[in-house]
Amino acid sequence: MALEPLATPEQLAARLGVTLPDDDPALAQYEELLIDASAEMRSIIGQPLSKMTSTTELWPDRPGRYELPAWPVHEVSAVVVDGQPVGWYRTGPRTLCVPRQCGPVTVTFTHGWDPIPDDIVKWTCVLAASSLAAAESTESLGLTAGVSQRSEKIDDYQVSFQTPEAGGGDSAAGLTLPQRIIDRLRAAYGGGGVHWLEVQG
């Protein structure tokens with residue numbers, strides 16, 4: 001199941017101070033860049049962020065205690081051990097407690113943000129705007145000859161991007177944030193990363 005982008009084309013256009021393009025190719029480019037930027041943001045932070053229901057297998061960090069790998073947790077709807085539902089369990093902000101259980105459990109829980117926090121929307125738009133600037137200046141998503149440094153201004157923030165060596169992976173496509181911003185986002189929103197067995201919606 002594909003996850004929804006963390007920002008909309010309307011939000012990107014508003015932050016860039018431009019009119020949202022109404023022709024299909026330009027609007028489709030906005031949408032694709034936001035999909036890429038959202039995937040990078042989720043990778044940076046380590047969890048899906050959007051509100052959703054997931055089923056995943058967990059192992060305890062100590063007997064009876066399991067760390068839920070995504071948050072905020074809204075509901076734990078099922079806990080299963082060896083195919084049998086567990087009759088009693090307790091949840092904390094990011095933990096699940098199952099009495100006398102030392103092995104793996106399969107947990108179905110609802111987690112994430114709805115709406116997406118403004119901070120996440122803003123930096124997703126910064127990533128998308130960075131790739132858009134690269135595409136417009138080089139006619140491709142790679143940062144190639146003649147592009148050594150650029151900056152993007154979103155709201156009151158300005159971020160400068162240094163061109164990496166050619167073939168430098170995601171950074172070569174402009175999908176990068178300064179390390180201080182990455183550290184702050186991970187501290188505020190980071191999760192353990194859900195290994196999804198099943199996504200229910």
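Between the side chain of Glu32 and the main chain of Gln29, no donor-acceptor pair closer than 3.5 Å is present. Under the 3.5 Å distance criterion, the side-chain polar atoms of Arg42 are matched with a main-chain donor or acceptor of Pro48. A donor-acceptor distance shorter than 3.5 angstrom exists from the side chain of Trp71 to the backbone of Gly190, with no hydrogens or angles considered. Formation of a donor-acceptor pair under 3.5 Å by the Arg100 side chain with backbone atoms of Gly64 is not found in this model. Of the possible donor and acceptor atoms, one in the side chain of Tyr89 sits under 3.5 Å from a partner among the backbone N and O of Val76.
Within a 6.0 Å sphere centred on CG of Asp23, heavy atoms belonging to other residues, nucleotides or ligands number more than 12. Applying the 6.0 Å contact sphere to CD of Glu4 captures no more than 12 heavy atoms from other residues, nucleotides or ligands. Within a 6.0 Å radius of CH2 in Trp59, other residues, nucleotides and ligands contribute 12 heavy atoms or fewer.
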After noting the C-alpha distance and the side-chain angles of Leu6 and Val121, does the key distance pass the side chain to side chain contact (heavy atoms under 4.5 Å, CB included) rule?
-> CA-CA 6 Å; Leu6 298 170; Val121 172; 5.9 Å; no

Could you walk me through whether Leu16 and Leu132 pass side chain to side chain contact (heavy atoms under 4.5 Å, CB included), step by step?
-> CA-CA 11 Å; Leu16 289 172; Leu132 181 62; 4.1 Å; yes

For Val107 and Thr55, what are the C-alpha separation, side-chain angles and deciding distance, and is it a side chain to side chain contact (heavy atoms under 4.5 Å, CB included)?
-> CA-CA 5 Å; Val107 182; Thr55 298; over 6 Å; no

Full working for side chain to side chain contact (heavy atoms under 4.5 Å, CB included) between Tyr30 and Leu20 | CA-CA 9 Å; Tyr30 269 45; Leu20 183 67; 3.9 Å; yes

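Within the 4.5 Å cutoff, the side chain of His74 has no heavy atoms near those of the Phe109 side chain. Between Thr108 and Thr56, the closest side-chain pair of non-hydrogen atoms is not below 4.5 Å. Looking only at side-chain heavy atoms (C-beta outward), Trp123 and Glu40 stay at 4.5 Å or farther from each other. Between Val105 and Gln101 there is a side-chain heavy-atom pair separated by less than 4.5 Å. Proximity of Ile35 to Leu3: side-chain heavy atoms (C-beta onward) are nowhere separated by under 4.5 Å.
Not counting sequence neighbours, the partners of Tyr189 by the ring-ring contact (aromatic ring centres under 6.0 Å, His included) test are Trp113. Residues forming a side chain to side chain donor-acceptor pair (under 3.5 Å) with Asp61 (at least two apart in sequence, or on another chain): Arg65.
The heavy-atom pair separating Gln47 from Pro69 by the smallest distance is CB-O, 4.5 Å. Heavy atoms only, all atoms of each residue included: Lys51 and Asp114 are closest at CB-CB, 3.8 Å. The two residues Val86 and Val98 come nearest to each other via the heavy atoms CG1-CG1, 3.9 Å. When all heavy atoms are compared, the tightest approach of Ala7 to Cys125 is CB-SG, 3.9 Å. Closest heavy-atom contact between Val73 and Pro93: CG2-O, 3.7 Å. Residue Pro9 comes nearest to Glu31 through the heavy atom pair CG-CG, 3.7 Å, listed as atom of the first residue, atom of the second, then distance.
One finds the CG atom of Asp36 at 13.0 Å from the CE atom of Met41 (value rounded to the nearest 0.5 Å). With values rounded to the nearest 0.5 angstrom, Glu10 atom CD is found 9.5 Å from Leu12 atom CG. If you take CG on Leu27 and CG on Asp22, they are separated by 8.5 Å, rounding to the nearest 0.5 Å. Going from atom CG of Leu185 over to atom CD1 of Ile45 covers 5.0 Å, rounded to the nearest 0.5 Å. A distance of 5.0 Å separates CE in Met52 from NE2 in His111, rounded to the nearest 0.5 Å. Ile44 contributes atom CD1, which lies 4.5 Å from atom CD1 of Ile182 (distance to the nearest 0.5 angstrom).
No side-chain donor-acceptor contact under 3.5 Å links Thr124 and Ser38. Side chains of Thr53 and Thr110: a donor on one and an acceptor on the other come within 3.5 Å. Neither side chain, Arg90 nor Thr95, offers a donor N or O lying under 3.5 Å from an acceptor on the other.
Salt bridge status for Asp183 with Arg180: absent, with no side-chain N to carboxylate O gap under 4.0 Å.
Hydrophobic clustering, with ILVMFWY side chains joined whenever heavy atoms are under 4.5 angstrom apart, keeps Leu58 apart from Val80. When hydrophobic clusters are built by joining Ile, Leu, Val, Met, Phe, Trp and Tyr residues whose side-chain heavy atoms come closer than 4.5 Å, directly or via intermediates, Leu49 is grouped together with Ile181. Cluster annotation: Val18 and Leu33 are assigned to the same hydrophobic cluster (Ile/Leu/Val/Met/Phe/Trp/Tyr, side-chain heavy-atom contacts under 4.5 Å, transitive).
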